[in-house]
Amino acid sequence: MKKIIISIVTLFGIFNVKAQENANNEQPKKLTLDEANLVSSYYKQDGNNSAVTGGIGTEKLTDISNTIDVTMVKYDKKDRKNKFSFSVGIDHYTSASSDMIDLKANSSASHADNRIYPTLNWNRENENKGATLMAGVSFSTEFDYQSYGANVGFSQKTKNRMGEFTAKFQAYLDQVKMIAPIELRTAENEGTSGRNTFALSLSYSQIINRNFQVEFLADGVQQTGYLSLPFHRVYFADNSVHQEALPDKRFKLPLGFRANYFLGDKVILRAYYRYYTDNWGLKSNTISLETPLKISPFVSVSPFYRYYSQTAAKYFASYQQHTAFDDYYTSNYDLSKFDSHFYGVGIRFNPKNGLFGIERLNMLEIRYGHYTKSVGMKSDIISLNLRFK
């Protein structure tokens with residue numbers, strides 16, 4: 001761990017030298033480092049409604065995540081600002097419920113896995129016209145799942161620069177490895193199946209005055225293909241066991257509203273509301289509030305709280321509640337009726353002279369959150385963010 005920290009500090013030190021070379025150039029014609037972030041987190045959960053064992057059984061899971069993202073800036077011959085952002089994340093997780101795909105295994109291959117997910121994004125801003133074009137690609141891979149993603153979009157500011165409209169289209173082409181529960185495996189259900197996701201995201205932000213900003217958000221998401229998970233068991237009322245079966249189409253419609261209000265120089269109120277509905281019968285409401293408080297010029301504290309409530313999807317039933325009359329069936333409690341609470345606090349340090357003696361390593365943030373579901377699941381997450389700018 002010590003070697004990793006030393007390597008990170010050395011890396012940021014190299015960035016620091018390069019950034020200082022361009023510090024006085026407001027519009028760099030060469031590719032210049034703008035910002036770099038390193039985010040690490042540890043997540044742990046527990047519960048007793050695992051979909052792998054039909055809605056009962058352990059949900060114990062741990063996840064260690066590390067992500068680094070780097071943003072570079074370059075102005076072209078027409079003085080348009082080009083941003084290139086590259087990030088790569090690596091997760092390592094262990095899951096007691098996934099280990100039960102094979103009920104007789106003490107420790108199967110599915111007990112632990114790694115996920116790697118690089119992304120590359122570009123946007124070009126014409127600051128005179130207030131217009132921005134954007135595009136990006138992404139990839140994610142783990143033992144039983146691969147995903148290829150791409151996005152394009154644009155944004156346009158109003159003439160007075162007080163408002164901005166953004167439209168973005170995203171596509172994800174995924175492949176699911178058909179790993180069935182051990183007792184249901186046949187030669188026919190091996191291989192992979194595809195699922196596709198297409199999303200159109202629209203938003204409009206408006207500065208009302210120097211203290212108040214609002215944003216309206218709307219998404220339309222269409223999914224097609226294999227939308228079940230092959231290793232999710234469903235136990236019928238007659239005690240027979242089946243693979244989860246869900247429709248091959250799903251349309252999602254989230255609508256959101258965000259508002260930020262600045263109470264002087266030391267307190268910000270950040271509020272968010274989202275309504276969600278889909279054609280599987282699931283509806284939800286999300287309300288969250290975060291209140292960053294500056295307790296000194298270099299230290300701020302941000303308590304936060306989020307409340308979430310959803311109805312059950314029409315294809316959900318608990319252990320041994322489905323029957324042979326059901327065309328579709330799942331005992332995945334993510335599709336059940338439940339309420340949840342997520343609350344915690346973040347603390348941010350912005351020392352005047354930087355961290356570890358590196359002036360441009362200018363931010364350290366630590367966040368902790370505790371999550372509870374009304375169906376008995378609970379989890380904790382702690383994260384650390386280092387920013388170089």
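For the numbers below, each heavy atom of this structure counts, side chains included, while hydrogens, waters and symmetry mates do not.
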Atom pair CG/OG of Asp91 and Ser140 - distance to nearest 0.5 Å: 8.5 Å

Residue that, paired with Ser87, satisfies side-chain contact (heavy atoms from CB on, under 4.5 Å) out of Thr119, Leu120, Asn121: Thr119

Distance in Å, Thr53 OG1 paired with Tyr319 OH, rounded so as to fall on 0.5 Å steps: 9.0 Å

Arg161 atom CZ: more than 12 heavy-atom contacts under 6.0 Å: yes

Any donor-acceptor N or O pair under 3.5 Å, side chains Asn285, Tyr307: no

Nearest non-hydrogen partners of Met162 and Ile208, listed with the distance: CE-O, 4.4 Å

Min side-chain heavy-atom separation Lys283-Tyr275 under 4.5 Å: yes

Ion pair Arg367/Glu365, N-O distance below 4.0 Å: yes

Spacing of Asn123 atom CG and Phe84 atom CZ [to the nearest 0.5 Å]: 9.0 Å

For the student: nearest non-hydrogen atoms of Val52 and Arg233, plus distance: O-NH1, 2.8 Å

Intermediate values then yes/no, salt bridge (charged side-chain N to carboxylate O under 4.0 Å, His left out), Lys373 and Asp334: CA-CA 10 Å; Lys373 266 186 183 180; Asp334 286 344; 2.9 Å; yes

Salt-bridge contact Asp278-Arg250 (side-chain N to carboxylate O under 4.0 Å): yes

Carboxylate-amine/guanidinium contact Lys177 Asp144, below 4.0 Å: no

Basic-acidic side-chain contact under 4.0 Å: Arg306, Glu290: no

Test item: Asn82 and Val73 side chains (from C-beta on) under 4.5 Å apart, heavy atoms: no

Atom pair CD (Gln146) and CD1 (Ile116), whose distance is rounded to the nearest 0.5 Å: 11.0 Å

Verdict with supporting geometry, Ile179 and Ile101, side-chain contact (heavy atoms from CB on, under 4.5 Å): CA-CA 8 Å; Ile179 303 175; Ile101 295 172; 4.1 Å; yes

Ring centres under 6.0 angstrom apart (Phe257, Tyr273): no

Plane angle bin for Phe198 and Phe169 - parallel if under 30°, tilted between 30 and 60°, otherwise perpendicular: parallel

Backbone N/O of Leu217 and side chain of Asp219: donor-acceptor pair under 3.5 Å: no

Geometric class of the Tyr328/Tyr315 ring pair [parallel <30°, tilted 30-60°, perpendicular >60°]: perpendicular

Lys389/Glu35 salt bridge by N-O under 4.0 Å criterion: yes

Rounded distance (nearest 0.5 Å) linking atom NE2 of His232 with atom OG of Ser331: 10.5 Å

Residues, nucleotides or ligands: over 12 heavy atoms within 6.0 Å of Asp265 CG: no

Check: His370 ring centre within less than 6.0 Å of Phe342 ring centre: no

Distance (rounded to the nearest 0.5 Å) between Asn350 CG and Asn362 CG: 6.5 Å

Nearest non-hydrogen partners of Asn151 and Lys168, listed with the distance: OD1-CE, 3.4 Å

Distance-minimising heavy-atom pair for Glu59 and Gln45: O-NE2, 2.9 Å

Side chain to side chain donor-acceptor pair (under 3.5 Å) assessment of Gln206 paired with Tyr204: CA-CA 7 Å; Gln206 179 69 42; Tyr204 179 77; 2.5 Å; yes

Tyr329 ring center near Phe236 ring center (under 6.0 Å): yes

